[in-house]
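Here the structure is a predicted model, which is why all the values come from computation and not from measurement.
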Amino acid sequence: MLVTHQFHPLFGRQLPCVGKRSNLQGDRLLLQTSDGAIWPLPPQWTDLVSIDPEVVVSNGRALLLVSNLMELASMVEHLCGRLAARPRAECKGNYAANVKEIMPHEGLE
């Protein structure tokens, strides 16, 4: 397996795949280096999966993919909806108005 993720320390190395596992983040290939260490890598970081066309077109300059931005927008929209649905009683009071009532400045008005 060739490691194709350009920021991974094993980038460009051809390593044997000794296994495969799945966890909460998805599938991982278990690649073994010459010192016997096992490195779990997503298949997308190897030549097993073709490179994302957005990565190719951006030539590595794009910080986020369109799919990442869409997921972020969805999360912000969800959070804004939760804040708008909050009852007013949970919001902080108007502290500036309260301070003015407690400590009026004589002669400034």
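- One distance of note links OG1 of T46 with CD of Q14; it measures 10.0 Å at 0.5 Å rounding.
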Please tabulate, for side-chain N and O atoms in residues 66-74, each donor-acceptor pair with protein atoms closer than 3.5 Å (sequence neighbours left out).
residue : atom : partner : partner atom : Å
N68     : OD1  : L65     : N            : 3.1

### Query
What do the steps show when you test L31 against L10 for side-chain contact (heavy atoms from CB on, under 4.5 Å), and what is the final call?
CA-CA 10 Å; L31 305 182; L10 299 176; 5.7 Å; no
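- V18 belongs to a hydrophobic cluster with L30, I38, counting contacts under 4.5 Å between side-chain heavy atoms of Ile, Leu, Val, Met, Phe, Trp and Tyr, direct or through other members.
- Applying the ring-ring contact (aromatic ring centres under 6.0 Å, His included) rule to H5 yields the partners W45; only residues at least two apart in sequence or on another chain are considered.
- For Q25, the CD atom sits in a packed shell: over 12 heavy atoms of surrounding residues, nucleotides or ligands are nearer than 6.0 Å.
- Between R28 and N23 the shortest heavy-atom distance is CG-ND2, 4.2 Å.
- With side-chain heavy atoms closer than 4.5 Å counting as contact, directly or through intermediates, L24 stands alone and belongs to no larger hydrophobic cluster.
- Of the possible donor and acceptor atoms, none in the side chain of D47 sits under 3.5 Å from a partner among the backbone N and O of M1.
- The side-chain hydrogen bond (donor to acceptor under 3.5 Å, both in side chains) search around D35 returns T33, not counting sequence neighbours.
- The distance from the CZ atom of R13 to the CG atom of L2 is 11.5 Å, given to the nearest 0.5 Å.
- In terms of heavy atoms, T4 sits closest to Q44 at OG1-O, 4.1 Å.
- If you take CG on D27 and CG on L41, they are separated by 12.5 Å, rounding to the nearest 0.5 Å.
- Atom CH2 of W39 and atom NE2 of H8 lie 5.5 Å apart (nearest 0.5 Å).
- Not a single side-chain hydrogen bond (donor to acceptor under 3.5 Å, both in side chains) links S34 to another residue, sequence neighbours left out.
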